Colleague: 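So that we are looking at the same thing, I have put the structure below in structure tokens.
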Amino acid sequence: MFTVKADCVWYWAFLCCSVGACIVDDELVGARSPGDIIIGGIFPVHQQVKNLNHFKPDPLECTGFDVQSFIWVQAMIHTIEMINNSSLLNGVKLGYEIYDTCSDASKAIIAAMKLLSKSTSTGNVLEVHCNYTNYKPIVKAVVGEVYSELSISIARLFNVMLMPQISFASSASILSNKGRFASFFRTVPSDIHQTMALAKLVGYFKWNWIGIIATDDEYGTSAVTDFTSQAQMHNICIGFHEEIPTYVCDVESNERIQNLISKIENTPNASVIVLFAKQAIVVKLFKEIIRRDIRRTWISSDAWSMSRAAAKMKDIKKVGNILGFCFKTGCIPGFLTHLRNLKSPPGGFNKFIEKYKQLHSTCSKENMDHTEMCDSQTPQCPFPDTKKLIQPLNCFKMNEAITDIGEDDISHNVELGVTYAVYLATKSIAQALRNLLKCQEGACQRKFDFPPWKLLEAIKMVNFTEGTGHFYFDKCGDSINGYNLIQWVMDDEVTMFKIVGEYKLVDNNIYIYDDAFKNIVKGVFSNCSRSCKPGERKNAYSLHTCCYDCVPCAEGYHSAEWDMSDCLKCLDNQWSDAGSSQCNNKTIEYFNWDDGFAIVLIVFACLGIALIIVITIIFSLNLNTPVVKSSGGNFCFVILFSLLLCFISTGFFIGEPTNVHCKIRQPLFGISFTICVSWILIKSFRIILAFNFDPIVHHQMKKMYKPLVILVTCTLVQIIICVLWLLLKGPYYVISHSIPKVILPKCDEGSNVAFGFMLGYIALLAVLCFLTAFKGRKIPDIYNEARFITFSMLIYLIVWISFVPVHVNTEDKYLPAVEVVAILASNYGILCCHFFPKCYFICFKKDQNTPESFRKNLREHDAQKRQVNISDLSGVTESFWSAPASRRSTNIQVFQIPVNT
């Protein structure tokens, strides 16, 4: 009967007054045992209901006895009996009421309503209240259900009164939402972990084109959603996604399975299929797969990863490879003995045992099919056929006991994964009761009249030792145990579930321990495109990122792993050829001292320095001779010193550059060579002045001719250019990576404009020298130094004009050598044209290196040529040589030492 409290709203009062009481009899109860505290149980002992498509709410008739679910019921009963026979709850006896849902949500809701009812003088009734704080139903907690769809349905009812519900198999991730399912717990991990594990397993073997099959219920929908999300994170694409009916006998089931199998056949590249379904659905699907001989690699969810029904199918190995995750297992002491001595409890009953024994005695060898037929007239048999099935996950003691049982013994059907989870669920409730009742060494407090929500709070705090570790619920009410990775090892006679690895929730990683399993599975190809090997990258050509072409990495890029989406750029100090899988370290190259070309240049530079020293000695010993005086006297030593600095500057272009070298070498050469060219410009001006006999012009030119001022002014301009260059944007040390495979330490000139100004200024002086010397080309040969000036400046201009394009187009370590060659060529041009002829004359024409001989040769040669006025020339020369030394220093040095005389 439905009754309503006085404080409820008038609507509920009207409703309850209109409907009358609802008394539920014991026909719905499958097993019962009295006790001080009653624990409820909800199990799918039957696989389905017959009259699914009914037209009026008649009682639903169940069919298809499931031996595995029957074993799970016995695991709960055995655990309660163990607790009653132990000191865990001193003096407190646990009882139970267990209901069969027949794998149907409607039946599950009816069972939940029965468990939420309370005892009255007239029977058990479900009362409607506005406040259930003090409501005390028959049971204090519920163990069940198996399927997530059913757990979701009944959890909403239990949530109203905060009735603790502990499932041992429902893994849908939605059940972790405490806002919607506050009283729900489970002794298995959430599907969010399972789907993460499945995605990581697929990614571990580099499969990226797979199929998904799931039932069209809450479990399948939730699992597919979570798995798809995880798959995207691992770059896994879904080749196809199909749904199949939840109920085996759905009228559309056969047609949809046929369409599904056609889809599988038409997607051959998706050879790996993840299957989220109940055992009965898997068996029905595999029957057609075996008939069509379609071999695939099947990845199972925990719902069927250790399915006895599927494992004992005839020709099951024809479906291909089967692997998947199952729940962590443990030992249940004495459980096998309990199964071999099934009996109803004292003072209670167990209809499931009676049904089992009835079927056991009536089964015939002609009808040994474990799977449920949709035809209600077909006899059912839940027992295994002659095909053996080895379960290596059992405890050692159980294995010993199994050797003594027959092939039709129920022990063949024990799946310790879920069975152990039933044990943990029941024991968790007992542990919570121990804490709630404050059980000590003595008896527990016998205060059993408490509402379920108080036990709910105690269950949240449960933490006990089981096996080798601790068991407790996390903040979402989920188990912290991980998964075992199993492989189905199949042949004609034996199917074995072999543990090959595990998935740990602690670090969310897969660990595979069986190398043989790795080798078998790695041979499976389930990809839209072939894997891109190292040195290639993926170039997607469709909406699916898993469908792509493989493109070699460009030069300077690499891909070290398989199936990389992008090639990685090598570091600045590394290089790679096109299509490389790794980068190589670049070699450091610079114009080193031990380079053959550098040695040649060093020899020439040292030779130039030696020649300058020799010339200096020769000029010092003959300082007062006409040849030396005509070269500038003491002033020529300044020129020789500047040439010495030019030769020394070449050393800063060789070897590994430094910041100091970069800042010194260009200004050192520029300033020192400017002094040389300025000196040549003075000499050119002097020659024109010496042989210009127009008195007016001669006088004006003589006023302009100030050698020291010209030299200082020309040099000072170059110094200003170099100082501004260094201050604003001077040369600096830099490492260049512009050349593949090479690291090139070099000097960056900083401002190329300033560098151009420096060289351009020297070139300007050289052009002035060239033009000035060219104007004196008609001077008598004996005085004609102009041709040597012209030739030396021509050499300089040709060298440096050639230097510019070569310098711009040279990027390797020989770039400094280009400038060294230009410097040496310019220096040797000056030495050969300006100093070597004078040294030759000093050393080998000593008798002609006198003023008398010089005047005599001058007159003779001038008389022959008659190209100038002898008297004027003689006056000039006579006045020069007769002038005192103090005046001679201010006059123009007019005479050229004749080389050919």
Side-chain angles (χ1 to χ4, degrees), residues 26-35 38-48 62-84 94-104 107-108 110-112 114-115 139 141-147 150-151 154 165-170 186-188 278-279 308-309 327 332 334-346 348-360 370 380 382-383 409-430:
D26 288 341
E27 289 298 322
L28 296 177
V29 183
R32 173 182 288 169
S33 177
I38 306 299
I39 299 176
I42 297 181
F43 293 81
V45 181
H46 288 81
Q47 293 182 0
Q48 64 187 43
C62 298
T63 183
F65 189 84
D66 186 2
V67 175
Q68 185 56 61
S69 294
F70 171 71
I71 292 175
W72 295 337
V73 171
Q74 297 308 313
M76 177 181 171
I77 293 173
H78 173 66
T79 305
I80 290 176
E81 291 175 353
M82 287 176 55
I83 294 169
N84 289 337
L94 298 180
Y96 55 82
E97 277 199 17
I98 302 176
Y99 292 81
D100 180 10
T101 66
C102 303
S103 305
D104 181 76
K107 290 279 289 183
I110 293 173
K114 179 66 173 69
L115 292 173
V139 301
V142 177
V143 176
E145 224 274 348
V146 175
Y147 302 118
L150 275 61
S151 286
I154 61 177
Q165 175 192 356
I166 304 181
S167 174
F168 49 87
S170 297
R186 51 186 163 198
T187 53
V188 294
K278 301 176 183 178
Q279 296 186 47
R308 287 296 199 277
F327 302 127
I332 306 177
F335 184 50
L336 182 60
T337 303
H338 172 85
L339 290 178
R340 298 178 66 183
N341 297 279
L342 296 174
K343 58 184 179 180
S344 298
F349 59 86
N350 193 321
K351 300 177 183 177
F352 303 132
I353 295 177
E354 297 173 4
K355 180 67 175 292
Y356 169 77
K357 290 181 178 180
Q358 179 185 0
L359 291 172
H360 188 277
H370 175 75
Q380 310 299 324
F383 306 109
D409 195 280
I410 193 174
S411 300
H412 278 302
N413 291 271
V414 175
E415 295 177 2
L416 283 186
V418 177
T419 307
Y420 183 69
V422 175
Y423 166 75
L424 290 177
T426 309
K427 191 170 182 180
S428 296
I429 296 173

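Quick caveat: nothing in here was measured; it's all calculated off a predicted structure. Starting from 1, each residue takes its place in the sequence as its number.
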Colleague: In Å, rounded to the nearest 0.5 Å, how long is the span from NE2 of H338 to NZ of K343?
Modeller: 10.0 Å
Colleague: Working to the nearest 0.5 Å, report the span between CG of L339 and CD1 of I332.
Modeller: 9.0 Å
Colleague: Minimum heavy-atom separation for S167 and A169, please, with both atom names.
Modeller: OG-N, 3.3 Å
Colleague: So do the side chains of I77 and I98 get within less than 4.5 Å of each other, counting heavy atoms only?
Modeller: yes
Colleague: To the nearest 0.5 Å, tell me how far K278 NZ sits from D66 CG.
Modeller: 11.0 Å
Colleague: Heavy-atom distance under 4.5 Å between the side chains of T79 and V422, does that happen here?
Modeller: no
Colleague: Considering only heavy atoms from C-beta outward, does the side chain of Q48 approach that of T63 to under 4.5 Å?
Modeller: yes
Colleague: Looking at the rings of F327 and Y420, which for Trp means the six-membered one, are their centres under 6.0 Å apart?
Modeller: no
Colleague: Which heavy atom in P34 sits nearest to a heavy atom in I38, and how many Å separate them?
Modeller: C-CD1, 4.3 Å
Colleague: Would you say the side chain of F70 lies within less than 4.5 Å of the side chain of I353, judging by non-hydrogen atoms?
Modeller: yes
Colleague: Sub-3.5 Å donor-acceptor pair from the side chain of N350 to the main-chain atoms of A31, do we have one?
Modeller: no
Colleague: Picking from I110, V142, I42, T101, what satisfies side-chain contact (heavy atoms from CB on, under 4.5 Å) with I154?
Modeller: I42
Colleague: Quick one: are T419 and Q68 in side-chain contact, heavy atoms under 4.5 Å?
Modeller: yes
Colleague: Quick check: closest heavy atoms across P44 and S69, and the distance to 0.1 Å?
Modeller: O-OG, 2.9 Å
Colleague: Under a plain distance cut-off of 3.5 Å, with no hydrogens placed, do K114 and Y99 share a side-chain donor-acceptor pair?
Modeller: yes
Colleague: Among side-chain atoms of S170 and S151, is any donor-acceptor pair under 3.5 angstrom?
Modeller: yes
Colleague: Quick one: CE on M76 to CD1 on I429, what's the gap to the nearest 0.5 Å?
Modeller: 6.5 Å
Colleague: Mind checking whether H78 and M82 have side chains closer than 4.5 Å, heavy atoms only?
Modeller: yes
Colleague: Looking only at heavy atoms, which two atoms of I166 and A425 are closest? And how far apart?
Modeller: CG2-CB, 3.4 Å
Colleague: For the CZ atom of R186 and the CD atom of E145, what is their distance to the nearest 0.5 Å?
Modeller: 14.0 Å
Colleague: Whether the side chain of S344 engages the backbone of F349 through a donor-acceptor N/O pair (distance < 3.5 Å, no angle test) should be reported.
Modeller: no
Colleague: Could you tell me if the side chain of V146 sits less than 4.5 Å from the side chain of V418, heavy atoms only?
Modeller: no
Colleague: Any idea which heavy atoms bring I83 and A430 closest together, and the distance?
Modeller: CD1-CB, 3.3 Å
Colleague: With rounding to the nearest 0.5 Å, note down the distance linking CD in Q74 to CD in E81.
Modeller: 8.5 Å
Colleague: Using atom types as modelled and distance alone, determine if a side-chain donor or acceptor of K107 lies under 3.5 Å from a backbone N or O of C62.
Modeller: no
Colleague: Which residues pass the side-chain hydrogen bond (donor to acceptor under 3.5 Å, both in side chains) test with H46, not counting sequence neighbours?
Modeller: D100, K355
Colleague: Quick one: are the ring centres of F168 and F43 less than 6.0 Å apart?
Modeller: yes
